[in-house]
Visitor: 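Right, I'll just put the structure down here and ask away after.
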Amino acid sequence: MSNQSFPRVLHTMLRISDISRSIIFYTKILGMKILRTLEQPTEKYTLIFLGYGDESNQTVIELTYNYGISSYELGNGYGHIAIGVENIDQTINHIKKLDYPIDLEPSHLKNSNEIIAFISDPDGYKIELIEHKVI
Ligand SMILES: C[C@@H](O)C(=O)SC[C@H](NC(=O)CC[C@H](N)C(=O)O)C(=O)NCC(=O)O
Ligand code: NI
């Protein structure tokens with residue numbers, strides 16, 4: 001398969017209950033940028049795409065706000081979205097300085113050299129932070 005046609009994960013979509021609360025989380029807490037939005041008033045929903053770079057070469061988050069829906073059942077199927085960070089202690093300290101709760105402090109993953117931590121977004125979707133040393 002030529003490298004022009006390799007498949008790529010484009011985005012993960014999460015349904016959210018409050019646009020401004022989620023934008024604050026993904027931009028201020030996680031440092032993402034709003035890449036684009038799509039308003040569909042007749043279908044009564046708004047899409048907001050956020051990430052760390054352009055969708056042409058980065059996998060991004062798509063937030064879906066359905067007008068008037070104030071909560072979702074996350075169920076027990078959803079696990080997490082993982083984000084690689086260069087220094088997990090620095091990242092967690094930044095999040096703590098913003099008074100945002102940490103679900104799991106940085107911990108070594110058993111039988112692995114990875115250091116992970118967990119936080120949750122405003123709707124309860126878990127986000128795993130994994131320390132990736134930039135080589
Ligand atoms: C823009 C592209 O990335 C999409 O994901 S559009 C897909 C479309 N989304 C919606 O209709 C949003 C509102 C809808 N009520 C919803 O909550 O999904 C869609 O087909 N969604 C269905 C789905 O299962 O994702
Ligand atoms: Ni989508």
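Order of listing sets the numbers, starting from 1, for every ligand and every atom in it.
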Visitor: Heavy-atom distance from atom 23 (C) of ligand 1 to the protein below 4.0 Å?
Guide: yes

Visitor: For atom 10 (C) of ligand 1, what's the nearest protein heavy atom and its distance?
Guide: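 Checking every protein heavy atom, the shortest distance to atom 10 (C) of ligand 1 gives Tyr45 CZ, 3.7 Å.
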
Visitor: Using the Ni ion (ligand 2) as the vertex, how large is the angle between OE1 of Glu62 and NE2 of His11, rounded to 10 degrees?
Guide: 80°

Visitor: Do any heavy atoms of His11 fall under 4.0 Å from ligand 1?
Guide: yes

Visitor: Around atom NE2 of His108, are there more than 12 heavy atoms from other residues, nucleotides or ligands closer than 6.0 Å?
Guide: no

Visitor: Applying salt bridge (charged side-chain N to carboxylate O under 4.0 Å, His left out) to Asp123 and Arg21, what does each step give before you reach the verdict?
Guide: CA-CA 9 Å; Asp123 286 279; Arg21 209 173 58 158; 3.7 Å; yes

Visitor: Please could you name the atoms of ligand 1 that Met13 approaches to less than 4.0 Å, counting only its heavy atoms?
Guide: 18 (O), 25 (O)

Visitor: State the atoms of ligand 1, each with its element, that fall below the 4.0 Å cut-off from a heavy-atom position in Thr64.
Guide: 12 (C), 13 (C), 17 (O)

Visitor: With rounding to the nearest 0.5 angstrom, report the CD1 to CG distance, Ile116 to Leu109.
Guide: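 Nearest 0.5 Å value for the CD1-CG distance: 5.0 Å.
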
Visitor: Assigning hydrophobic clusters by single linkage (Ile, Leu, Val, Met, Phe, Trp, Tyr; side-chain heavy-atom cutoff under 4.5 Å), is Ile102 placed with Val85?
Guide: yes

Visitor: I'd like to check whether Glu62 has a polar contact with ligand 1, where a contact means an N/O of the residue lying under 3.5 Å from an N/O of the ligand.
Guide: yes

Visitor: With heavy atoms under 4.0 Å as the rule, classify the contact between Leu38 and ligand 1 as side chain, backbone, both or neither.
Guide: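 None of Leu38 does.
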
Visitor: With rounding to the nearest 0.5 Å, note down the distance linking CG in Leu14 to CD1 in Ile127.
Guide: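 CD1 of Ile127 is found 7.0 Å from CG of Leu14.
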
Visitor: Ring centroids only, cut at 6.0 angstrom: are Tyr65 and Tyr45 within range, meaning strictly under it?
Guide: no

Visitor: Would you tell me whether Asp121 and Tyr26 have side-chain atoms, one donor and one acceptor, within less than 3.5 Å of each other?
Guide: yes

Visitor: Write down the atom of Arg8, the atom of Ser56, and the distance for their closest heavy-atom approach.
Guide: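 Nearest pair, atom of Arg8 first, then Ser56: NH2-O, 3.1 Å.
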
Visitor: Under 4.0 Å from atom 7 (C) of ligand 1, is there at least one protein heavy atom?
Guide: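 Protein heavy atom within 4.0 Å of atom 7 (C) of ligand 1: absent.
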
Visitor: My question is simple, although I want it checked carefully: is atom 19 (C) of ligand 1 less than 4.0 angstrom from any protein heavy atom?
Guide: no

Visitor: For atom 16 (C) of ligand 1, what's the nearest protein heavy-atom neighbour? Residue, atom name and distance, please.
Guide: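 Of every protein heavy atom, Arg15 NE, 3.3 Å lies nearest to atom 16 (C) of ligand 1.
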
Visitor: Give the atoms of ligand 1, by number and element, whose distance to some non-hydrogen atom of Leu47 is under 4.0 Å.
Guide: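 The list of qualifying atoms is 1 (C).
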
Visitor: Which residue supplies the protein heavy atom nearest to atom 15 (N) of ligand 1, what is that atom called, and how far is it?
Guide: Asn66 OD1, 2.8 Å

Visitor: For the residue pair Asn66 / Thr64, report whether a side-chain donor-acceptor contact shorter than 3.5 Å exists.
Guide: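 Checked: Thr64/Asn66 side chains show no N/O donor-acceptor pair below 3.5 Å.
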
